[in-house]
Amino acid sequence: MTTSPDLTFHDGHTIPQLGYGVFKVDPDIAADVTGQALTAGYRHIDTAKLYANEEGVGRAVRESGLPREEVFVTTKLWNDDHRFEDAIAACEASLERLGLDYLDLYLIHWAVPEQGLYVEAWKALIELRSRGLVRSIGVSNFPLAELQEIIAATGEVPVIHQIELHPYFQQRELREAHAGHGILTQSWGPLGQGKSDLLDNPVITGIASAHGATPAQVVLAWHLAHGIVTIPKSVTPSRIVENLEAADVKLTAEEVAAIDALDRPDGRGGFDPAQRRD
Ligand code: NAD
């Protein structure tokens with residue numbers, strides 16, 4: 001069975017580098033597909049309050065028969081809970097829905113700069129960790145200025161930053177900043193969310209043929225080669241397995257460089273964290 005390598009956070013905890021994401025997974029099937037992922041060998045699940053499927057994810061983890069410490073569970077604080085006491089209560093509610101007594105990782109889902117509460121939310125995550133509800137704390141979708149601001153305001157560096165990242169949108173500026181702070185980069189939408197021709201790109205399909213691999217595996221292997229933590233989503237049983245087996249695909253330096261050259265200035269597929277939401 002394929003297993004993902006672990007990477008180590010600056011706080012000493014570890015995270016399986018290749019996990020399973022459940023954005024847009026219907027709550028009715030969340031327990032089933034998460035159970036399939038765990039059976040396939042995934043040991044890292046990425047959910048969020050927003051996804052409305054924490055209950056199913058938690059059930060699958062609890063019913064997997066795996067010791068709790070062998071499965072890494074992430075969930076996220078939603079935008080309307082950035083006030084300190086709201087954030088504490090939101091984490092407790094997520095744990096309740098998951099049926100777990102701690103999270104491996106809790107993330108602020110979006111900075112929402114115009115709301116101006118991200119420093120307060122970050123202080124709440126620090127408190128949640130000191131209360132033992134959360135092992136590690138990080139952020140998602142922070143522009144660089146807001147990332148630097150929470151570090152300057154608290155002296156506390158997120159262990160990871162989860163951002164949109166794929167070969168058409170490589171986020172080099174943020175990745176360099178992360179490296180400077182010892183923050184791991186985590187890619188959401190690692191396969192481009194099906195919004196572009198990424199998996200049909202001839203550079204990708206050519207490398208896939210050379211390895212007897214699929215285009216999705218080549219894209220995921222590129223994330224892994226760069227030391228990025230990634231969380232592809234699929235509800236198709238064969239693809240759930242296929243995506244984890246990307247950990248067995250080792251690209252050459254030339255192949256990584258060829259995919260590096262696919263970066264595009266207009267490659268963002270999702271919402272820009274620096275934009276106002278209204
Ligand atoms: P993704 O890039 O993982 O794309 C998923 C889609 O790609 C699937 O729905 C399917 O259509 C296709 N796909 C999956 N495996 C495939 C394969 N082997 N071959 C061909 N096509 C395949 O996009 P995503 O789900 O948006 O991102 C992954 C995870 O990241 C999410 O599930 C979620 O956990 C997380 N996420 C976080 C944020 C955030 O704001 N922090 C935003 C989006 C997603």
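Whatever order the structure lists them in is the order used to number ligands and atoms, beginning at 1.
Environment of CD in Glu96: sparse, with no more than 12 heavy atoms of neighbouring residues, nucleotides or ligands closer than 6.0 Å. Within 6.0 Å of CD in Gln275 there are more than 12 heavy atoms belonging to other residues, nucleotides or ligands.
With hydrogens left out, the protein atom closest to atom 12 (C) of ligand 1 is Arg239 NH1, 4.3 Å, a heavy atom. Here the protein heavy atom with the shortest distance to atom 32 (O) of ligand 1 is Phe23 N, 2.9 Å. For atom 13 (N) of ligand 1, the closest non-hydrogen atom on the protein side is Leu191 CD1, 3.9 Å. Among all non-hydrogen protein atoms, the one lying nearest atom 27 (O) of ligand 1 is Gly189 N, 3.0 Å. Nearest protein heavy-atom contact of atom 40 (O) of ligand 1 is Asn141 ND2, 2.8 Å. Among protein heavy atoms, atom 26 (O) of ligand 1 sits closest to Gln193 NE2, 2.7 Å. If you check which protein heavy atom lies closest to atom 42 (C) of ligand 1, you get Trp188 CD2, 3.2 Å.
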Enumerate, atom names and distances included, each donor-acceptor pair closer than 3.5 Å involving a side-chain atom of residues 131-142, sequence neighbours excluded.
residue : atom : partner : partner atom : Å
Arg131  : NE   : Glu127  : OE2          : 2.6
Arg131  : NH2  : Glu127  : OE2          : 3.3
Ser136  : OG   : Asp11   : OD2          : 2.6
Ser140  : OG   : His109  : O            : 3.3
Ser140  : OG   : Gln162  : O            : 2.8
Asn141  : OD1  : Trp188  : NE1          : 2.9
Asn141  : ND2  : His109  : O            : 2.9

For residues 81-88, which side-chain donor-acceptor pairs fall under 3.5 Å, sequence neighbours excluded?
residue : atom : partner : partner atom : Å
Asp81   : OD2  : Lys49   : NZ           : 3.3
His82   : ND1  : Gln115  : NE2          : 3.4
His82   : NE2  : Trp110  : O            : 3.4

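In Gln162, the part holding a heavy atom less than 4.0 Å from any atom of ligand 1 is the side chain. Under 4.0 Å from ligand 1, heavy atoms of Pro190 appear from its side chain as well as its backbone. The proximity of Thr214 to ligand 1, defined as any non-hydrogen pair under 4.0 Å, does not occur for either the backbone or the side chain. Using a 4.0 Å cut-off between heavy atoms, Asn243 contacts ligand 1 through its side chain alone, with no backbone atom that close.
Contact analysis leaves Phe271 out of contact with ligand 1, as no non-hydrogen atom separation drops below 4.0 angstrom. Under the 4.0 angstrom criterion for non-hydrogen atoms, Ile231 is in contact with ligand 1.
Under 3.5 Å, the side chains of Asp260 and His226 contain a donor-acceptor pair of N or O atoms. When only modelled atom types and interatomic distance are considered, Thr75 and Glu54 share a side-chain donor-acceptor pair under 3.5 Å. For His211 and Glu255, the side-chain atoms include at least one donor-acceptor pair closer than 3.5 Å.
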Problem - Criterion salt bridge (Lys or Arg N to Asp or Glu O under 4.0 Å) on Glu164 and Lys195, from CA distance to verdict - result: CA-CA 13 Å; Glu164 180 183 351; Lys195 289 180 175 172; over 6 Å; no

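For ligand 1, the atoms closer than 4.0 angstrom to any heavy atom of Gly192 are 2 (O). Close approach of ligand 1 to Leu199 is summarised as follows: ligand atoms under 4.0 Å from at least one heavy atom of the residue are 20 (C), 21 (N). Remark: ligand 1 atoms within the under-4.0 Å shell around heavy atoms of Trp110 are 40 (O). Listed by number with element, the atoms of ligand 1 under 4.0 Å from a non-hydrogen atom of Val22 are 32 (O), 34 (O). Ligand-side atoms of ligand 1 in range of His109: 39 (C), 40 (O), 41 (N), range being under 4.0 angstrom from any heavy atom. Counting the atoms of ligand 1 from 1 in the order shown, those under 4.0 Å from a heavy atom of Asp46 are 33 (C), 34 (O), 35 (C). Taking every non-hydrogen atom of Ala216 and a distance limit under 4.0 Å, the qualifying atoms of ligand 1 come out as 17 (C), 18 (N), 19 (N). Within ligand 1, counting atoms from 1 as listed, the ones closer than 4.0 Å to a heavy atom of Glu242 are 17 (C), 18 (N), 19 (N).
Note that CD of Gln36 and OG of Ser238 are 10.0 Å apart. Values are rounded to the nearest 0.5 Å. To the nearest 0.5 Å, the span separating CD on Gln217 from CG on Leu199 amounts to 11.0 Å.
Taking only nitrogen or oxygen atoms, main chain and side chain alike, Ser140 reaches within less than 3.5 Å of ligand 1.
Under the 4.5 Å side-chain heavy-atom criterion for Ile, Leu, Val, Met, Phe, Trp and Tyr, Leu107 and Ile228 are members of distinct hydrophobic clusters. Tyr106 and Phe23 fall within the same hydrophobic cluster, where Ile, Leu, Val, Met, Phe, Trp and Tyr residues are linked whenever their side-chain heavy atoms come under 4.5 Å apart, directly or through other members.
Closest heavy-atom approach to atom 8 (C) of ligand 1 among the candidates His166, Lys233, Lys24, Glu245: Lys233.
For the pair Arg268 and Phe169, the NZ or CZ position fails the cation-pi test of under 6.0 Å to the six-membered ring centre and within 45 degrees of the ring normal.
Side-chain atoms of Val218 and Ile259, non-hydrogen and from C-beta on, do get closer than 4.5 Å to each other.
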